[in-house]
Amino acid sequence: MADYNVIVAGGGISGSLAAAGAAKNGAKVLVLDRNDYSQVGKKTNWGWVCGDAVAKTHLDFINEEIGLRLTEPVLDVAVEGVQVLSPDLTRKFQFEGAGYSLDRPKLAKVIIDFAKKSGAEYMPHHEVEGPIVEDGKVVGVYGRDEKGEQVKYRSKIVIDALGIASTIRRKLPQNKYIENTVSTDDIESTGRYICYFEANGSDINYYDKNNALIHLNQQLAPGGYGWVFPKSGNRVNIGLGVEKKSLEIRNAKLNKKDTLHMLIDQYVDWNPIVRNIKIDEQDANGKGYWSVTVRRQFDSLVFPGYMGAGDSMAMPNPISAGGIGPAMVSGAIAGKVAADAVSANDASLESLWKYNLRYNTAYGSKTAGLEVFRIYLQSLNNDLINYGMTKFLTKEEAIAISYGNIPEITIANTFTKVLSGISNISAFKDLIYCVKSMKELNRLYSEYPKDPSSFDPWKEKVGSKMREVKERFKPNPI
Ligand SMILES: Cc1cc2nc3c(=O)[nH]c(=O)nc-3n(C[C@H](O)[C@H](O)[C@H](O)COP(=O)(O)OP(=O)(O)OC[C@H]3O[C@@H](n4cnc5c(N)ncnc54)[C@H](O)[C@@H]3O)c2cc1C
């Protein structure tokens, strides 16, 4: 006998919105989270570790989908967009549109309150340890309550919103739909400070109060990037992410032993404008380290009785690592699809499959292509990135790629580009291959299986293309 229609494990962004979406659509919902309400949504002991930047389009989506409109003070600061700078800072591409820097602790309270108001029951102080699986389907979760005693809750559907280290996903029976783990090659180790600073003059290549800045630089942030995102009141969110193999190669070549922590401090020192930083101690959220995936979301987001949303399903954008938007979009959709499945009394794989289709339409269909672009980028050293951002791509083409749209790099304009002075033909050939592969993956995602019966051959085609790309492009930061 089920205690609830839907259990949502994790009360972060994806979890709170999934709970709201399911409860609003009539399901009896329980949200389990390990934190106290005063720290709801906190990811780790380090706090709500994040760059805090989100595009406005995602906020519009949740407003339309579940009727939640976020306002100040959750929307801490508005930005015109995200600007990506070349290592030599001579080239700047505007990615994504307008957006906000969020106050994440405040956001977490607003969205869990919204879930409660929508009818969801919320139980803090619960450590979720794994799924209850019977007859090949998930029928609940087990874990510990605040006294440390074993508890079990049963439901028709479990929505896994436990983040990147999900204890449910990792303990699902091995199956072809949901991977238990993520390869370290597809993970960025990241960290950031939220801090007060004194501006030493002005230079919008280093700090721009109207834009979120991303610095591509394989020496400062091998396999990843550094960021300087404005916050209100003379504060900034400054940090970086690195990929493990790229960092090892970079350290070996430069004869260094730099760690993530050291690189963040070096990056802050490198910035001539952001000076005299003082960690913002508010909410004990000023300094933190955590991981983020940079691959396409799992090939399926459902298993019998189970749906995953947000970081638990590797949803962050593969080139920007932006995961707030996908967590919002997936949470809102998952809740609604779960409620429909409960109404139909059908939590089978076939019934939940609608979620795969809806998520792909709303966001997921471009991420495999973006994963290819990320792998290609990691194979370029600073000189090639500088060169490529000047010669290979126009601003329009780069923007198109950031949205997952593939520019037409045709034979005709390839020829023009070659004539216009591209000396590094082999690197340009790599870009052509990369763009073709992105196109192929976008096409495969436009043919995402309408139901589980055609999943196997589709998954094999995607996997085979991705293996080919990874074989061609190896990390090569220096
Ligand atoms: C350094 C860094 C910078 C980033 N910058 C950005 C950015 O600028 N923009 C952007 O869009 N994205 C960014 N991201 C990614 C973004 O933060 C995540 O994608 C987002 O938080 C995902 O939300 P979620 O709800 O899926 O998971 P989480 O935020 O991880 O929430 C999971 C929830 O589940 C709870 N939980 C976990 N395990 C258990 C358990 N066993 N039992 C009970 N409760 C549990 C946690 O306490 C938490 O409340 C960044 C990530 C990092 C690490």
Side-chain angles (χ1 to χ4, degrees), residues 7-19 31-37 39-55 58-59 79 82 96 99-102 104-105 107-108 111-112 122-131 141-146 151 159-171 187-194 212 214 224-229 231 237-242 260 264 285 287-294 297 308-317 320-331 334:
I7 289 175
V8 178
I13 297 175
S14 54
S16 296
L17 296 180
V31 185
L32 294 169
D33 190 89
R34 57 158 67 118
N35 303 304
D36 181 68
Y37 172 74
Q39 298 190 321
V40 64
K42 188 169 99 162
K43 291 184 184 183
T44 82
N45 287 339
W46 287 106
W48 294 253
V49 188
C50 189
D52 306 335
V54 68
H58 300 306
L59 306 187
V79 291
V82 180
E96 307 234 348
Y100 295 93
S101 167
L102 302 174
R104 285 223 33 187
L107 166 73
I111 57 181
I112 196 70
Y122 160 61
M123 280 191 205
H125 309 293
H126 276 70
E127 187 69 30
V128 177
E129 292 178 333
V141 298
Y142 64 90
R144 291 187 188 272
D145 65 13
E146 72 185 301
V151 285
I159 300 181
D160 180 355
L162 290 177
I164 185 173
S166 169
T167 46
I168 302 183
R169 185 198 71 227
R170 283 192 279 136
K171 291 181 188 162
I187 292 179
E188 294 277 312
S189 302
T190 55
R192 63 94 181 96
Y193 303 148
I194 295 177
I214 283 184
Y225 64 78
W227 70 84
V228 182
F229 295 170
K231 293 194 82 72
N237 182 318
I238 185 166
L240 58 73
V242 297
L260 172 69
I264 295 173
N285 187 39
K287 195 176 200 180
Y289 309 91
W290 195 230
S291 296
V292 62
T293 57
V294 281
Q297 69 280 353
D311 279 18
S312 71
M313 295 292 105
M315 285 182 172
N317 181 306
S320 68
I324 297 173
M328 289 178 161
V329 169
S330 63

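Every number for a ligand or one of its atoms is a count from 1 in the order of the listing.
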Any atoms of ligand 1 less than 4.0 Å from a non-hydrogen atom of [X]? List them with their elements.
X	value
Thr167	41 (N)
His126	42 (N), 43 (C)
Thr190	1 (C), 2 (C), 52 (C), 53 (C)
Ala161	32 (C), 33 (C), 34 (O)
Ile324	9 (N), 10 (C), 11 (O), 12 (N), 19 (O)
Asp52	7 (C), 8 (O)
Ile13	25 (O)
Val128	40 (C), 41 (N), 42 (N), 43 (C)

Looking only at protein heavy atoms, identify the closest one to [atom] and say how far it is in Å.
atom	answer
atom 4 (C) of ligand 1	Gly51 N, 3.0 Å
atom 19 (O) of ligand 1	Asp311 OD1, 2.6 Å
atom 31 (O) of ligand 1	Gly12 CA, 3.8 Å
atom 49 (O) of ligand 1	Asp33 OD1, 2.8 Å
atom 46 (C) of ligand 1	Lys42 O, 3.5 Å
atom 17 (O) of ligand 1	Lys43 NZ, 2.6 Å

Does any N or O atom in [X] lie less than 3.5 angstrom from one in ligand 1, N or O only?
X	answer
Trp227	no
Arg34	yes
Gly310	no
Gly322	no
Gly323	yes
Ser312	no
Ser291	no

So, using side-chain hydrogen bond (donor to acceptor under 3.5 Å, both in side chains) as the criterion, who are the partners of Arg104 when residues are at least two apart?
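Testing Arg104 for side-chain hydrogen bond (donor to acceptor under 3.5 Å, both in side chains), a comparison that skips the adjacent residues, returns none.
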Measure the [atom1]-[atom2] distance between [X] and [Y] for me, rounded to the nearest 0.5 Å.
X	Y	atom1	atom2	value
Glu127	Asp33	CD	CG	9.0 Å
Arg34	Lys42	CZ	NZ	9.5 Å
Ile112	Tyr37	CD1	OH	8.5 Å
Leu107	Ile13	CG	CD1	5.0 Å
Arg169	Ile164	CZ	CD1	7.5 Å
Leu162	Asp311	CG	CG	11.0 Å

Taking side chain as C-beta onward, heavy atoms only, is [X] less than 4.5 Å from [Y]?
X	Y	result
Thr190	Leu260	no
Val242	Ser189	yes
Trp227	Arg192	yes

Begin from the C-alpha positions of Asp145 and His125 and carry the test side chain to side chain donor-acceptor pair (under 3.5 Å) through to its verdict.
CA-CA 6 Å; Asp145 65 13; His125 309 293; over 6 Å; no
[X] to ligand 1, any heavy atom closer than 4.0 Å:
X	result
Gly41	yes
Phe229	yes
Val54	no

Heavy-atom contacts under 4.0 Å between [X] and ligand 1: side chain, backbone, both, or neither?
X	value
Arg104	side chain
Cys50	both
Glu129	neither
Ala321	backbone

So, does Ser312 use its side chain to make a donor-acceptor pair with the main chain of Asp160 at under 3.5 Å?
yes
Tell me whether Asn285 contacts the main-chain N or O of Trp48 through its side chain, where contact means a donor paired with an acceptor under 3.5 Å.
yes
Applying salt bridge (Lys or Arg N to Asp or Glu O under 4.0 Å), can you list everything that pairs with Lys231, at least two apart in sequence or on another chain?
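Partners of Lys231 under the salt bridge (Lys or Arg N to Asp or Glu O under 4.0 Å) test: Asp52.
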Given Thr167 and Glu129, is the side-chain contact (heavy atoms from CB on, under 4.5 Å) satisfied, shown in steps?
CA-CA 6 Å; Thr167 46; Glu129 292 178 333; 5.6 Å; no
